[in-house]
Number of protein chains: 2
Amino acid sequence: MRLVDEGGIEGLSMRKLAAELDVNPMSLYHHVESKEALLGLICHGAAEGMALPPDDGSPWEHQLRELALAYHRHVKAHPAMWAYLHNHPEAIADREMPIWQALYRVLRLAGVPESELWRTGDVLHAFVSGFVMAETLGHLPGDGREIERDFDTAIRLMTHGLSGLSG
Amino acid sequence: MRLVDEGGIEGLSMRKLAAELDVNPMSLYHHVESKEALLGLICHGAAEGMALPPDDGSPWEHQLRELALAYHRHVKAHPAMWAYLHNHPEAIADREMPIWQALYRVLRLAGVPESELWRTGDVLHAFVSGFVMAETLGHLPGDGREIERDFDTAIRLMTHGLSGLSG
DNA sequence: ACCTGAACACCGTTCAAGT
DNA sequence: ACCTGAACACCGTTCAAGT
């Protein structure tokens with residue numbers, strides 16, 4: 001994980017990792033099937049350990065914002081990993097993962113029916129991840145304060161759009 | 001471009017491309033500074049040639065939908081290129097590109113003020129690209145008809161959210 | 001200005017051999 | 001079960017030499 005944070009996804013090579021562990025490169029293949037499998041395990045573990053806001057009884061709009069902010073923080077802390085994850089979503093496909101359960105809880109609060117939970121969650125996640133990745137890569141113009149404003153704009157756009165759907 | 005479409009971004013190597021052109025691998029470096037620069041040129045060219053719906057005088061909601069659908073089609077035709085572009089947005093950073101001008105035209109129709117054009121465009125693009133990439137990678141559940149419905153849901157969420165902002 | 005061959009410093013992975 | 005060295009089939013790129 002440190003190798004990915006420091007040198008991007010190409011910063012982690014089987015040979016470099018083996019060197020860090022003072023071990024033969026080929027030994028790794030006895031614990032993991034391939035480099036892809038290793039990256040999958042790294043992503044899954046990191047996403048599972050992501051800090052999530054608890055249910056504090058506040059309105060769903062506020063809790064959705066807090067959840068998006070927690071996601072935002074995690075992506076900013078591990079941008080290369082999330083860029084990879086964005087193109088290899090299988091690693092967080094499990095609906096039982098804390099990150100999804102937290103989102104579904106908020107969406108239930110927002111009145112999204114059980115049958116639409118996965119669909120709505122996927123659309124919202126696609127939106128937020130698209131935005132956060134664009135920001136992380138420096139694609140968005142303006143300084144830090146303006147981008148914060150953009151993020152708020154985006155969250156309001158989503159929550160307003162969401163109430164339009166369920167209302 | 002054909003190499004990228006067929007074998008993903010790793011499908012294009014300087015050596016393979018040189019072989020296709022019946023030329024020495026090193027000759028490529030007299031026309032392009034690096035592999036990254038080459039990929040940038042490929043992406044820029046393809047994005048510039050993207051088919052865009054003309055202004056047919058219909059309401060902005062409809063035109064935004066048509067624009068999103070055109071984008072959707074292009075991504076589905078060149079998924080690997082867009083996945084790369086998603087992580088290397090410099091290649092389409094130029095605000096004068098047709099794809100951006102088309103979006104700004106629709107946003108003006110929607111009543112977005114000139115000072116908010118770039119910001120709003122970036123947020124919407126981040127949203128749509130996040131969604132389309134998730135779909136392209138098979139991250140979204142359901143069959144083709146359901147995903148079409150998701151896409152409509154997403155567009156309505158955006159347009160409704162957008163009118164909430166400017167209204 | 002453009003092309004080339006040899007070389008450098010890397011990759012992921014297979015395989016046969018070891019404990 | 002786990003580790004290893006040698007080898008295979010690749011990479012991007014530099015550099016000196018050619019036309």
Side-chain angles (χ1 to χ4, degrees), chain A residues 1-48 78-94 133 136-139, chain B residues 1-48 78-94 133 136-139:
Chain A
M1 184 64 175
R2 211 190 63 241
L3 287 171
V4 173
D5 281 344
E6 285 171 7
I9 228 67
E10 303 89 5
L12 171 66
S13 81
M14 300 303 268
R15 296 171 113 108
K16 270 194 239 170
L17 176 60
E20 294 253 338
L21 299 171
D22 259 320
V23 94
N24 187 287
M26 301 317 123
S27 304
L28 300 176
Y29 286 89
H30 285 275
H31 301 90
V32 107
E33 214 180 328
S34 65
K35 189 188 177 181
E36 273 204 17
L38 173 61
L39 284 169
L41 288 172
I42 292 174
C43 290
H44 185 90
E48 200 145 40
H78 309 291
M81 188 201 82
W82 280 99
Y84 178 82
L85 207 36
H86 202 265
N87 290 13
H88 299 78
E90 324 83 50
I92 52 168
D94 182 3
M133 281 314 301
T136 302
L137 293 165
H139 185 38
Chain B
M1 185 63 176
R2 212 190 62 241
L3 287 170
V4 173
D5 281 343
E6 285 171 6
I9 227 66
E10 303 91 2
L12 172 66
S13 82
M14 300 302 268
R15 297 171 114 107
K16 268 193 240 171
L17 176 59
E20 295 253 338
L21 298 171
D22 258 320
V23 96
N24 188 288
M26 300 318 125
S27 304
L28 300 176
Y29 285 89
H30 286 273
H31 301 91
V32 108
E33 213 180 330
S34 64
K35 189 188 176 178
E36 272 204 16
L38 173 61
L39 284 169
L41 288 172
I42 291 174
C43 290
H44 184 89
E48 201 145 38
H78 310 291
M81 189 200 81
W82 281 99
Y84 179 82
L85 207 37
H86 203 264
N87 290 14
H88 298 79
E90 324 84 49
I92 50 167
D94 182 4
M133 281 314 302
T136 302
L137 293 164
H139 185 38

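Throughout, a chain's letter reflects where its sequence line sits, starting with A, and its residues are numbered from 1.
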>> Tell me whether B:H44 contacts the main-chain N or O of B:G40 through its side chain, where contact means a donor paired with an acceptor under 3.5 Å.
In response: no
> Taking 5' to 3' order, which nucleotide of DNA chain C is first and which is last to have an atom within less than 4.0 Å of a heavy atom in chain A?
Replying inline: C:dC11 to C:dT14
> Using the P atom in both, what is the distance from D:dC10 to C:dA9, to the nearest Å?
Replying inline: 22 Å
> Contact class for B:M26 (heavy atom, under 4.0 Å): base, sugar-phosphate, or nothing?
Replying inline: base
>> For a stem of at least 3 consecutive Watson-Crick or G-U pairs with distances under 3.5 Å, i pairing with j, i+1 with j-1 and so on, which stems involve DNA chain C?
In response: C:4-8 with D:12-16, C:12-16 with D:4-8
> More 5' along DNA chain C: A:M14 or A:H30, using each one's nearest nucleotide?
Replying inline: A:M14
> Atom CD1 in B:I42, atom NE2 in B:H78: separation rounded to 0.5 Å?
Replying inline: 11.5 Å
>> Judged by each residue's nearest nucleotide on DNA chain D, which is more toward the 5′ side, B:L12 or A:V23?
In response: A:V23
>> In the structure I gave you, are the side-chain heavy atoms of B:L28 and B:L38 within less than 4.5 Å of one another anywhere?
In response: no
> Which part of the nucleic acid, if any, lies within contact of B:S13, taking any heavy atom under 4.0 Å across all strands shown: a base, the sugar-phosphate backbone alone, or nothing?
Replying inline: sugar-phosphate
> Do the non-hydrogen side-chain atoms of A:P25 and A:M14 ever get within less than 4.5 Å of each other?
Replying inline: no
> B:A37 and B:V32: which non-hydrogen atoms are nearest, and at how many Å?
Replying inline: C-CG2, 4.4 Å
> Is B:H88 close to B:L39 at the side-chain level, that is, under 4.5 Å between some pair of heavy atoms?
Replying inline: no
>> Quick check: closest heavy atoms across A:N87 and B:A83, and the distance to 0.1 Å?
In response: ND2-CB, 3.5 Å
>> On a heavy-atom basis, which atom in A:M81 and which in A:V4 lie closest, and how many Å separate them?
In response: N-CG1, 4.0 Å
